[in-house]
Amino acid sequence: MGSIGRIVVVGGSLGGLRTTEALYLGGWEGEVVVLSEELHPPYTRPPLSKTALAHGPDASTLAFKQRPEAARAQWRHGVRALACDLAARTVTLSDGDVLSYDGLVAATGVRARRLPAPLGTAGHVLRTLDDCRNLRTELVAGARVVVVGAGFIGCEVAATAVGLGCSVDVVAADDVPMQTPLGTDVGAAVQRRHEREGVRFHLGRQVAGIVEHDGTSLVTLSDGTEVLGDVLVQAIGSAPSVDWLDGNGLDLTDGVVCDNGLRIGGRPAAVAVGDVARFPNPLFDDVPRRVEHWQMPVDTARRAATTLLADLAGAPADPTPFTPLPSFWSDQYDLRLQSFGAPGLGERVEVLDGDLDGDAVVGYHRGDRLVGAVLLGFPRRMVQVRRMVQAALTAARERELAGVAPTVG
């Protein structure tokens with residue numbers, strides 16, 4: 001490519017790693033500087049609430065395999081971006097350094113949310129390897145665990161704690177676990193599985209107060225119920241790490257808005273990847289959305305690297321629409337839950353095969369379009385269901401491109 005210059009990758013987890021590799025594989029001959037707030041090399045996060053939490057996290061086994069190209073970059077661990085000037089093309093770091101760049105990659109991902117002050121300082125969160133290590137030391141047989149939040153992380157922590165011999169209470173404002181991504185019926189089915197394992201749910205209620213004393217946490221709920229725990233875990237979701245991009249006239253209300261090529265605010269030579277990127281996916285519609293799924297950093301890394309290299313070379317961008325199929329999985333007890341597409345966009349939920357209290361294939365429809373599917377169990381159906389969702393979304397998009405309007409329910 002003959003490019004000489006510097007690309008700064010802000011964020012050293014999966015998205016930053018795969019983008020760095022893709023840049024060099026794509027022909028970049030200049031410098032790449034990767035800024036990583038953590039001291040650990042890039043590692044996989046999904047096991048932190050499951051197997052790594054159950055057995056104790058091992059940084060060496062969690063670390064991602066890296067292509068040789070990754071070693072060509074300069075990795076700066078223990079440093080984070082405080083600010084960025086997109087016009088001047090500079091990044092200000094927590095160690096006082098100011099880096100100039102030709103190209104920028106925002107790969108800062110998300111941070112764990114906490115309850116509003118003064119409740120937010122209580123207990124554990126679970127986002128990093130160190131978070132996992134600290135929580136694991138307290139999950140001993142007989143411990144009373146209170147999990148605030150009934151999303152995927154909250155439910156996985158609850159299942160892992162039960163497996164370690166703990167008693168578990170789950171508190172959440174939603175009516176059922178995982179209500180937003182899965183809907184009421186599937187969420188209720190997952191709740192029943194947890195209750196069979198002894199988990200107690202306190203749903204539709206907020207946390208009104210937390211008193212920590214002598215190694216215990218007394219959690220008072222909005223209806224006056226009190227729940228006592230030896231271990232408190234806040235699992236109320238995540239927030240995109242975008243503060244360092246403030247002041248550039250960007251829409252940062254939920255991640256950073258990008259175009260379909262993943263350019264930040266549609267501007268050249270600056271791209272975003274992974275959990276922080278909010279971009280339109282023509283498989284569904286033209287609404288920019290963030291997708292916090294494990295595969296998304298890998299998919300966005302390839303596209304973002306292609307876009308950035310074209311911008312820096314003054315070449316045309318790839319005209320092919322970027323249409324990744326979101327997917328994720330969750331292990332809870334002996335249940336493997338898998339999702340394809342965007343079930344959260346569904347307006348109508350239908351059990352396509354099986355039974356919600358056993359193995360089931362569940363379809364999510366928006367109007368007449370299948371926009372997502374969830375597998376409860378049925379592990380051998382994964383490829384078939386993935387193909388079904390991909391084919392349905394592709395066919396719907398082709399009809400729209402041909403001028404056939406979809407039916408809206």
Side-chain angles (χ1 to χ4, degrees), residues 7-24 31-82 91 93-97 99 105-114 123-139 152-153 156-157 160 233-235 237-244 272-277 292-298 300-301 304-305 328-329 331:
I7 295 174
V8 173
V9 179
V10 185
S13 193
L14 178 58
L17 169 64
R18 297 303 183 225
T19 306
T20 298
E21 295 170 340
L23 288 168
Y24 281 124
E31 182 182 5
V32 175
V33 180
V34 184
L35 309 176
S36 177
E37 189 171 354
E38 292 197 60
L39 299 177
H40 306 287
Y43 59 88
T44 183
R45 296 184 191 273
L48 298 182
S49 54
K50 300 184 277 289
T51 55
L53 184 59
H55 303 295
D58 182 340
S60 62
T61 59
L62 292 174
F64 288 116
K65 292 183 178 179
Q66 300 185 17
R67 291 179 176 271
E69 289 77 15
R72 294 174 58 185
Q74 177 188 346
W75 288 78
R76 297 180 60 171
H77 289 278
V79 64
R80 62 188 179 91
L82 296 180
V91 179
L93 310 185
S94 56
D95 62 2
D97 198 3
L99 282 179
V105 179
T108 38
V110 297
R111 63 181 183 277
R113 291 185 186 272
R114 283 184 174 270
H124 297 266
V125 293
L126 185 57
R127 173 64 185 169
T128 69
L129 190 150
D130 292 331
D131 292 337
C132 180
R133 183 174 289 129
N134 293 334
L135 176 58
R136 179 63 184 87
T137 62
E138 298 190 25
L139 295 182
F152 283 101
I153 298 298
E156 289 169 358
V157 168
T160 300
V233 182
Q234 297 197 28
S238 57
S241 298
V242 294
D243 295 350
W244 62 282
V273 301
D275 297 347
V276 78
E292 290 187 30
H293 296 171
W294 187 88
Q295 182 63 28
M296 199 53 59
V298 178
T300 54
F328 67 86
W329 80 95
D331 292 326

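On a predicted model such as this, the values are computed, not experimentally measured, just so you know.
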Side-chain heavy atoms of [X] within contact of [Y], under 4.5 Å:
X: R45; Y: S13; value: yes
X: S238; Y: R111; value: no
X: V110; Y: V276; value: no
X: M296; Y: L14; value: no
X: L62; Y: P57; value: yes
X: I7; Y: V105; value: yes
X: V32; Y: T19; value: no
X: V125; Y: R114; value: yes

Please round to the nearest 0.5 Å and tell me the distance separating atom [atom1] of [X] and atom [atom2] of [Y].
X: Q74; Y: E31; atom1: CD; atom2: CD; answer: 5.5 Å
X: L48; Y: I153; atom1: CG; atom2: CD1; answer: 8.0 Å
X: L139; Y: N134; atom1: CG; atom2: CG; answer: 11.0 Å
X: T51; Y: D331; atom1: OG1; atom2: CG; answer: 8.0 Å

Where [X] and [Y] come nearest, the two heavy atoms and their spacing:
X: A22; Y: A305; answer: CB-CB, 3.6 Å
X: R127; Y: A112; answer: CB-CB, 4.1 Å
X: G12; Y: P42; answer: O-CG, 3.1 Å
X: A81; Y: V91; answer: CB-CG1, 3.7 Å
X: A73; Y: V34; answer: CB-CG2, 4.1 Å
X: T44; Y: F64; answer: CA-CZ, 3.4 Å

Self-check item: Selection residues 57-72 - residue pairs positive for side chain to side chain donor-acceptor pair (under 3.5 Å), sequence neighbours left out
Solution: D58-S60
Examine distances only and state if a side-chain atom of [X] and a backbone atom of [Y] form a donor-acceptor pair shorter than 3.5 Å.
X: T160; Y: S49; value: yes
X: D97; Y: L93; value: no
X: Y43; Y: L129; value: yes
X: S94; Y: R80; value: yes
X: T300; Y: G274; value: yes
X: W75; Y: A70; value: yes
X: R136; Y: L53; value: yes

Self-check item: With H293 via ring pair (Phe, Tyr, Trp, His ring centres under 6.0 Å) - residues at least two apart
Solution: F328
Quiz prompt | Verdict with reasoning, L35 to L99, per side-chain contact (heavy atoms from CB on, under 4.5 Å) | solution = CA-CA 11 Å; L35 309 176; L99 282 179; 4.1 Å; yes
Quiz prompt | Mutual orientation of the aromatic rings belonging to W329 and W294 [parallel < 30°, tilted 30-60°, perpendicular > 60°] | solution = perpendicular
Exercise. Would you kindly say whether H77 and E37 are connected by a side-chain donor-acceptor distance under 3.5 Å?
Key: no
Self-check item: Between W244 and T108: side-chain donor-acceptor atoms closer than 3.5 Å
Solution: yes
